[in-house]
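I have placed the structure first, in the form of structure tokens, so that the comments after it can refer back to it.
A, B, ... follow the sequence lines: proteins, then strands. Residue 1 opens every chain. Keep in mind that what you see is a predicted model, and the values were worked out from it rather than measured.
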Protein chains: 2
Amino acid sequence: MKTMGEGANGAPRRGAGRNGMAVPGVGLRDVAQAVGVSTATVSRAINRPEVVSVELRERIAAVIADLGWIPDGAARALTTGRSQTIGAVFPTLGLGDFPRAANAIQRHLLAQGYTLLLACSEYDPEQEFRQVRKFAERGVDGVILVGLAHHPDLVPFLQQRKLPFISSFVFDSARPGRCVGPDNHKALVRMTDYLAELGHVRFAVIAQETENNDRAGARLAGIRDALAMRGLAVRPQHLAIGTWTIEEGRKLFAQVMDTDPRPTAIVCGNAPLAVGAILEAAARGVRVPEDVSIVGYDDIEIMSHLPVPVTTVRVPGEEIGLRAARLILDLVGGREPDYPLESEAEIVVRASSGPPPGEGPASPRLHPAG
Amino acid sequence: MKTMGEGANGAPRRGAGRNGMAVPGVGLRDVAQAVGVSTATVSRAINRPEVVSVELRERIAAVIADLGWIPDGAARALTTGRSQTIGAVFPTLGLGDFPRAANAIQRHLLAQGYTLLLACSEYDPEQEFRQVRKFAERGVDGVILVGLAHHPDLVPFLQQRKLPFISSFVFDSARPGRCVGPDNHKALVRMTDYLAELGHVRFAVIAQETENNDRAGARLAGIRDALAMRGLAVRPQHLAIGTWTIEEGRKLFAQVMDTDPRPTAIVCGNAPLAVGAILEAAARGVRVPEDVSIVGYDDIEIMSHLPVPVTTVRVPGEEIGLRAARLILDLVGGREPDYPLESEAEIVVRASSGPPPGEGPASPRLHPAG
DNA sequence: TTGTAAGCGTTATCAA
DNA sequence: TTGATAACGCTTACAA
């Protein structure tokens with residue numbers, strides 16, 4: 001068993017350069033050597049500059065730039081126990097506000113010196129869990145999730161490892177401080193109330209599967225609860241569950257419209273479904289909102305540009321992303337958030353919603369799709 | 001100076017548990033101790049199982065599962081010099097095929113045990129460079145870029161560090177083996193030829209800024225070259241440059257249509273611009289394709305569902321993502337790719353394109369927008 | 001303000 | 001097939 005002997009002898013410690021990471025062959029030691037100081041000093045110069053004399057600090061900076069040295073994140077993570085890395089798992093990147101939020105998260109993290117690890121669950125809890133495990137392996141300092149419904153082992157896993165995590169795109173007053181987003185239930189209560197006040201009583205819902213999607217579930221519950229307050233309910237044949245494509249929206253729209261009695265208002269659970277519904281209505285010659293009102297969820301750009309602009313719930317994806325990033329960083333840093341975590345989900349009223357057809361002088365209903 | 005003394009004495013080496021990474025307090029050593037073997041053996045059991053006796057391998061696996069140990073990526077990266085991590089910088093996640101491709105990359109990387117670091121450049125070369133430097137710091141094993149136009153220092157930076165990198169969403173026969181994607185120039189030559197053969201001679205183009213976007217530049221050049229072959233050119237007032245929103249598409253459509261003579265065919269440089277153009281045409285009562293043909297780029301779902309389905313260039317984003325992932329992994333592993341790197345960009349003809357209005361019996365042109 | 005040297009949790013090189 | 005142990009490149013007490 002021999003001693004470490006490292007600074008002691010200028011031994012055959014490092015040749016021209018091993019590969020390793022950053023710049024092949026240039027490490028902290030080389031910088032230190034070039035400047036003529038110890039590695040500790042160089043390290044301090046980057047991490048706590050105020051503690052190093054100005055003159056030295058500048059000399060060090062010059063050499064670092066000159067050599068093009070970049071600190072090795074792995075080594076740094078190993079010693080500090082922090083990777084300066086946050087993992088986020090989204091259901092998908094191709095839907096609604098997710099890309100916007102991902103972008104915002106990434107931007108804020110970068111500004112704070114953090115890097116985002118991004119993964120998709122494809123609405124599969126197993127896959128989500130797998131991604132999170134991978135993140136843990138990569139040593140992320142925190143995890144951003146979407147929604148509250150996860151693999152049963154996921155939360156215990158995170159807790160056991162003392163990994164801070166938050167849920168985004170949801171707000172649940174029961175879990176303050178760990179959620180950022182809108183209250184999905186409340187948002188759809190409002191939307192439903194809005195339609196009910198317009199006079200609608202026959203509601204149809206076309207939405208995503210709620211199995212592994214608590215947000216979709218909360219929205220559906222919001223509709224039901226708001227209707228129940230008025231003694232109303234969605235007829236079974238007026239409830240159509242599917243995926244999140246325009247194609248699907250067309251299909252489900254057709255499905256709920258081919259019923260008797262027809263609904264007078266259709267609430268769509270996500271943006272593509274709403275787009276599909278609007279487009280299918282146009283294709284079938286169903287007038288919106290004269291024959292039927294259609295409302296959506298998520299105010300993506302197309303919503304306001306369709307031939308019939310769509311009344312929808314505006315979820316501030318950008319804001320949610322920013323707050324999610326701030327919150328997880330605060331949690332990682334052991335700080336208490338002092339900003340609002342619930343995002344207002346605003347109802348944006350556009351041309352696609354109006355009073356039901358039977359309103360006022362009982363006008364004969366058209367059946368252009370028949 | 002003292003000796004390492006580690007296995008020698010069961011010294012006060014590790015208490016109940018430091019924080020560090022993975023599971024607080026359980027490391028490779030703990031597993032080894034629990035099984036009653038050396039750390040080396042446990043390490044081998046995970047990395048080269050075939051070299052460890054079956055009996056032992058199983059015992060080790062059991063203990064690992066039991067203790068919930070997850071190898072520390074930082075430590076692993078430090079010793080191996082590989083982080084099992086790939087960085088990708090996209091211009092944005094909210095446009096065309098990027099989300100799809102990102103998704104595909106991520107999926108393939110995960111399947112190979114890699115993790116994706118994702119960042120956005122927002123079409124800013126400075127920001128792209130910054131992101132790449134961050135990646136280098138994190139020790140990524142390879143980098144996926146979009147396009148060929150970058151910050152002048154970017155490629156030298158990558159090369160100096162011997163970091164493998166590829167360009168996606170482009171194909172340039174001059175740089176075989178480092179690009180995956182469609183030949184943007186060729187795609188628009190084809191599209192332009194298609195329109196020219198329909199009889200069009202007055203072309204308008206509404207497209208993105210080409211400053212930091214070689215792909216947009218290549219597409220524009222494709223249009224110009226194809227026209228030049230026929231002795232044609234885009235009139236200055238028929239060239240409108242902007243961003244990538246539906247709103248912008250409407251505006252630019254209006255702009256090029258408010259000219260005299262009007263174009264008979266409008267080529268849009270990206271999907272939102274095309275959507276905007278189609279929608280604005282509808283709003284203005286301009287008939288498509290009777291009054292004007294409109295074609296786009298990127299076959300996102302909405303393209304085929306608009307009131308007038310859009311003729312467009314279908315870029316196989318999923319395929320590009322998958323190939324990008326394979327290619328960068330092959331480069332990292334020192335393998336030669338044996339699969340095609342150029343993706344066919346197919347022209348999908350839909351209702352938005354047809355012969356120019358003046359064709360055949362010189363019919364009087366309508367000016368419904370006037 | 002700077003230097004010394006002990007780790008951080010793995011992998012990998014020898015030997016056994 | 002397994003074990004002992006020296007790195008890996010950095011940060012951080014502790015000393016000076």
Protein-nucleotide distance ([X], atom [atom1]; [N], atom [atom2]), rounded to Å:
X: B:Ile60; N: D:dT2; atom1: CD1; atom2: C1'; value: 10 Å
X: B:Ile64; N: C:dG9; atom1: CD1; atom2: P; value: 16 Å
X: B:Arg76; N: C:dC8; atom1: CZ; atom2: C1'; value: 16 Å
X: A:Arg29; N: D:dC10; atom1: CZ; atom2: P; value: 8 Å
X: B:Glu137; N: D:dG9; atom1: CD; atom2: P; value: 16 Å
X: B:Glu58; N: D:dT1; atom1: CD; atom2: P; value: 14 Å
X: A:Arg138; N: C:dG9; atom1: CZ; atom2: C1'; value: 15 Å
X: B:Arg48; N: D:dG3; atom1: CZ; atom2: C1'; value: 15 Å

Can you tell me if the side-chain N/O atoms of [X] get under 4.0 Å from OP1 or OP2 in [N]?
X: A:Thr79; N: D:dT11; result: no
X: B:Thr41; N: D:dG3; result: yes
X: B:Ser53; N: D:dT2; result: yes
X: B:Asn47; N: C:dT11; result: yes
X: B:Ser38; N: D:dA4; result: no

Among [options], the nucleotide that comes nearest once only the side chain of [X] is considered:
X: A:Ser43; options: C:dT10, C:dT2, D:dT11; result: D:dT11
X: B:Ala40; options: C:dA12, C:dT4, D:dC8; result: C:dA12
X: B:Asp72; options: D:dT12, D:dT2, C:dG9; result: C:dG9
X: A:Leu56; options: C:dT2, C:dT11, D:dC10; result: C:dT2
X: B:Arg44; options: C:dG3, C:dT13, C:dA12; result: C:dT13
X: A:Leu28; options: C:dA5, C:dT11, D:dC10; result: D:dC10
X: B:Val37; options: C:dG9, C:dT2, D:dG3; result: D:dG3

Identify the heavy atoms of A:Ala102 and B:Leu93 that sit nearest to each other, and give their distance.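 Distance-wise, the nearest heavy atoms are CB-CD1, 4.0 Å.
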
Counting heavy atoms not belonging to A:Gln33, are there more than 12 under 6.0 Å from its CD?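 For A:Gln33, atom CD is not crowded (no more than 12 foreign heavy atoms under 6.0 Å).
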
Carboxylate-amine/guanidinium contact [X] [Y], below 4.0 Å:
X: B:Arg133; Y: B:Glu128; answer: no
X: B:Glu319; Y: B:Arg100; answer: no
X: A:Glu55; Y: A:Arg59; answer: yes

